[in-house]
Structure formats: structure tokens, C-alpha cells
Amino acid sequence: MRGVWLFLHFMGFAAWLGGGLAMMLAGITAKHFPPEERHAVYRATSVVARNLIGPGALLVLVSGFVLSLPFFSGAVPGWLLAMQGLGLVGAIIAIGIVTPTAARMGRLELDPRGELPESFAGLRKRQAIFATVAGVFALLALLAGTVMR
């Protein structure tokens, strides 16, 4: 059964980080697109966040908790504490800020002039900052669980 939970943990991590990298590259690429094309890119990245990043981070949390249960009976190794703490913070940011912000960006409509609404710039900045922070925490958790182990 441990193998199934490890598989789910790795799949969640791949979805979370893979989706994050896809969103980052799409956002950087779309920066200079005309408003209509840029809007289409952000609608697509909204789907990526809602279907890969959020669920992937949640899967990592649940499977990580189950995989950690055997360690709760004794002393918890430092690498595991680091992985749990960093992963928890990253997942909370990904689930609580990144995914809802992407969903809001995906629901935006072009204004009557064919331009992106004023709220777009603030949402995009928020998304860039918090997605980066969540990704850094996820990578640090990965380092803690592999290199520090």
C-alpha cells in the first residue's frame, strides 16, 4: 500500500510543479501578445491551475500525511520535518491563493474597447508573486525529501 501512496505523492507533485511551470512559461510568453490573445492564454492557464496545480498540491498534502504516519510513533527526522513544513506552506499558498487568483483571471472579460480590464494587472502581479513563492517552497520541500535525506 505504501507504493500506491508514493505513486500518488509523486503524481501530485508532478501535476503541481508541471502545471506551475506551464503557467509560468505561458504567462511570460503572453506578456507581449495583443489583449485578445493574452486573454485566451490566461483563460487556458486558469484551467491548468484549477485542474493540475490545486488538485496536485492537495494530493501531495494528503498522500504526504499518510506516508508520514509511521514516523509519528518515534523521533521525526529533520529532513521529514523540513519537507512537511515547506510543502505545507507551499501547498497552502498554491491552493489558497494561486488557484483562486487564476480562476478569477480566467473569468475576466475584455472591456468594450477590446482591452484587458484594470483589475488584470493587479491579479497578474499577485499571481506571479504567489505562484513563484509556492513553487520555491515546493522545490525546497523536494530538496529536503531527496538531498537532505
Side-chain angles (χ1 to χ4, degrees), residues 1-31 33 37-110 116-149:
M1 192 64 183
R2 184 175 187 279
V4 171
W5 285 109
L6 270 173
F7 173 77
L8 293 173
H9 198 63
F10 295 151
M11 286 302 296
F13 208 79
W16 177 7
L17 283 183
L21 289 172
M23 279 185 63
M24 180 185 69
L25 292 174
I28 291 169
T29 303
K31 205 178 213 180
F33 286 2
E37 292 174 16
R38 195 172 187 191
H39 180 251
V41 168
Y42 282 100
R43 281 199 337 242
T45 59
S46 172
V47 173
V48 169
R50 288 178 290 133
N51 293 308
L52 285 177
I53 295 173
L58 184 61
L59 185 57
V60 168
L61 281 182
V62 171
S63 61
F65 177 77
V66 171
L67 288 166
S68 297
L69 288 175
F71 291 95
F72 292 160
S73 61
V76 180
W79 64 267
L80 182 59
L81 285 175
M83 183 174 64
Q84 288 173 331
L86 294 165
L88 179 63
V89 172
I92 288 171
I93 294 169
I95 295 167
I97 299 173
V98 174
T99 302
T101 302
R104 270 194 264 159
M105 288 176 70
R107 287 190 301 267
L108 292 177
E109 296 294 332
L110 295 176
L116 292 164
E118 290 181 27
S119 61
F120 175 80
L123 287 172
R124 185 184 177 286
K125 184 175 183 178
R126 176 183 175 149
Q127 184 72 333
I129 291 168
F130 284 103
T132 300
V133 170
V136 166
F137 275 104
L139 288 173
L140 289 173
L142 179 62
L143 277 171
T146 55
V147 176
M148 290 175 55
R149 188 175 183 164

Looking at every heavy atom in both Leu8 and Ser63, which two are closest together, and how far apart are they?
C-OG, 4.1 Å

Audit row: Ile97, Val133, side-chain contact (heavy atoms from CB on, under 4.5 Å) steps and yes/no:
CA-CA 11 Å; Ile97 299 173; Val133 170; over 6 Å; no

Tell me, with the steps shown, if Leu52 and Met23 meet side-chain contact (heavy atoms from CB on, under 4.5 Å).
CA-CA 10 Å; Leu52 285 177; Met23 279 185 63; over 6 Å; no

Considering non-hydrogen atoms only, spot the tightest contact between Leu80 and Ser68 and give its length.
CD1-OG, 3.9 Å

Considering all heavy atoms, the nearest Ala30-Val41 contact
CB-CG1, 3.7 Å

Any idea which heavy atoms bring Ala144 and Trp79 closest together, and the distance?
O-CB, 3.4 Å

Of the non-hydrogen atoms in Gly96 and Pro100, which two are nearest, and what is the gap between them?
O-CG, 3.4 Å

Given the rule in the side-chain contact (heavy atoms from CB on, under 4.5 Å) test, do Leu67 and Arg2 qualify, once you have shown the distances and angles that lead to the verdict?
CA-CA 7 Å; Leu67 288 166; Arg2 184 175 187 279; 4.0 Å; yes

Could you grab the distance from atom OG1 of Thr132 to atom CD1 of Ile93, nearest 0.5 Å is fine?
10.5 Å

Short side-chain to backbone donor-acceptor contact, Thr101 and Val98, under 3.5 Å
no

Closest non-hydrogen atom pair, Ala134 against Ala94
CB-N, 4.0 Å

Gap separating the CH2 atom of Trp16 from the CG atom of Leu58, nearest 0.5 angstrom:
10.5 Å

Atom pair CE/CZ of Met83 and Arg149 - distance to nearest 0.5 Å:
7.5 Å

Worked check of side-chain contact (heavy atoms from CB on, under 4.5 Å) between Leu108 and Leu123:
CA-CA 10 Å; Leu108 292 177; Leu123 287 172; 4.0 Å; yes

Measuring from Met105:CE to Thr45:OG1, what's the distance to the nearest 0.5 Å?
6.0 Å

Fit a plane to each ring of Phe65 and Phe72, take the angle between them on a 0 to 90° scale, and name the class: parallel (under 30°), tilted (30 to 60°) or perpendicular (over 60°).
tilted

His9 versus Leu59: any side-chain heavy-atom pair under 4.5 Å?
no

Check whether Thr99 reaches the backbone of Arg50 with its side chain - one donor and one acceptor, N or O, closer than 3.5 Å.
no

Measure the CZ-CG distance between Phe137 and Leu142 for me, rounded to the nearest 0.5 Å.
15.0 Å

Does any N or O in the side chain of Ser46 come within less than 3.5 Å of the main-chain N or O of Tyr42, such that one atom is a donor and the other an acceptor?
no

Can you confirm whether Phe7 is buried at CZ, in the sense that more than 12 heavy atoms of other residues, nucleotides or ligands lie under 6.0 Å from that atom?
no

Report the distance from atom CG of Leu61 to atom CD1 of Ile95, rounding to the nearest 0.5 Å.
5.0 Å

Considering only heavy atoms from C-beta outward, does the side chain of Gln127 approach that of Arg104 to under 4.5 Å?
no

